[in-house]
Amino acid sequence: MATIVRREDYFDAALAILATNDHAGLKQARLCSHLEVTTGSFYNYFESWAQFKTEFLQHWLESQTLQLAAAARLEGSMTRRLRLLVEFACSLPHSAESAIRGWSHSDSGVHEVQSKVDDLRYAVVAEAVTQYLGSREEAERFARLALYTLVGYQQTVPLQDVSSLRWSLAYLLGTLLPAEEAAGLFPPDSFPPNIGTSGSEASNSETSNPEASDSEASNTEASA
């Protein structure tokens, strides 16, 4: 019985191949083999490999950036919007996106779409943090730092567990949001010791009971 696939199945298969074989491994024969279909099935949907590449890149742009950004903008709470953006960033097909970025250095069409993806992701973050920073210029700097964090993570070899990306982005938000809001967005272990409520609590415990600190110091000197 012949395998029946949808147009979108070709795009999903391309992402899977990119994730394991880099862009040089994305060929028509490998794509059809991955889906267990003939080249005739491929040509039922695409007139040429060039058309497939164009449609694949547009699909990636829409599904992994435009739709996610639109969903985030529907969230009225700015803190929850930021959390959505972090979760969206962590859910991206990172290995495949690393391959696409490498591909963009040798293919002008891929480069154009990659640049658009970066610009759109940057813009939605800058928009979300503007109200906290008050300055558009500062918001743009923060958005670029967040984008650099994502891109740097995706280019790491070997690619680390996504929890390290979530931690890094949570760290950035911890420098931006009030401690109470930051702590409410992510589990306590999302933040390093001096960020969020854990850091402020440690600071408060040291300053709220100076006598205890003096006593500990005296005991240390006596034992010495």
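These figures come from a predicted structure and were not determined experimentally. Any value given below was found using the heavy atoms of this structure, including those in side chains, with hydrogens, waters and symmetry copies removed.
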Mind telling me whether Phe11 and Phe56 have parallel, tilted or perpendicular rings, with 30° and 60° as the class edges?
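Tilted.
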
Main-chain N/O of [Y] paired with [X] side-chain donor or acceptor, under 3.5 Å:
X	Y	value
Ser168	Ser164	yes
Arg30	Gly25	yes
Gln160	Pro158	yes
Thr130	Arg136	no
Tyr122	Leu147	no
Asp22	Ala24	no
Arg7	Tyr45	yes

Say you draw a straight line from [atom1] of [X] to [atom2] of [Y]; how long is it, rounded to the nearest 0.5 Å?
X	Y	atom1	atom2	answer
Leu159	Gln154	CG	CD	8.0 Å
Leu177	Thr79	CG	OG1	7.0 Å
Leu85	Arg121	CG	CZ	11.0 Å
Leu92	Phe88	CG	CZ	10.0 Å

Side chain to side chain contact (heavy atoms under 4.5 Å, CB included) evaluation trace for Thr54 with Gln51:
CA-CA 5 Å; Thr54 298; Gln51 181 189 349; 5.7 Å; no

May I ask you to test the [X]-[Y] pair for a side-chain heavy-atom distance under 4.5 Å?
X	Y	answer
Asp12	His59	yes
Tyr132	Leu82	yes
Val117	Ile100	no

Which residue in the set Gln114, His111, Lys53 passes side-chain contact (heavy atoms from CB on, under 4.5 Å) when paired with Trp103?
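The option that passes is Lys53.
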
In terms of side-chain heavy atoms, does Glu97 have a donor or acceptor partner in Trp60 at a distance below 3.5 Å?
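Trp60 and Glu97 do have a side-chain donor-acceptor pair below 3.5 Å.
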
Could you walk me through whether Asp119 and Lys116 pass the salt bridge (charged side-chain N to carboxylate O under 4.0 Å, His left out) check?
CA-CA 5 Å; Asp119 287 345; Lys116 186 178 296 185; over 6 Å; no

Residues Arg144, Glu140: salt bridge by 4.0 Å N-O rule
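Not counted as a salt bridge, because no side-chain N and carboxylate O are separated by less than 4.0 Å.
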
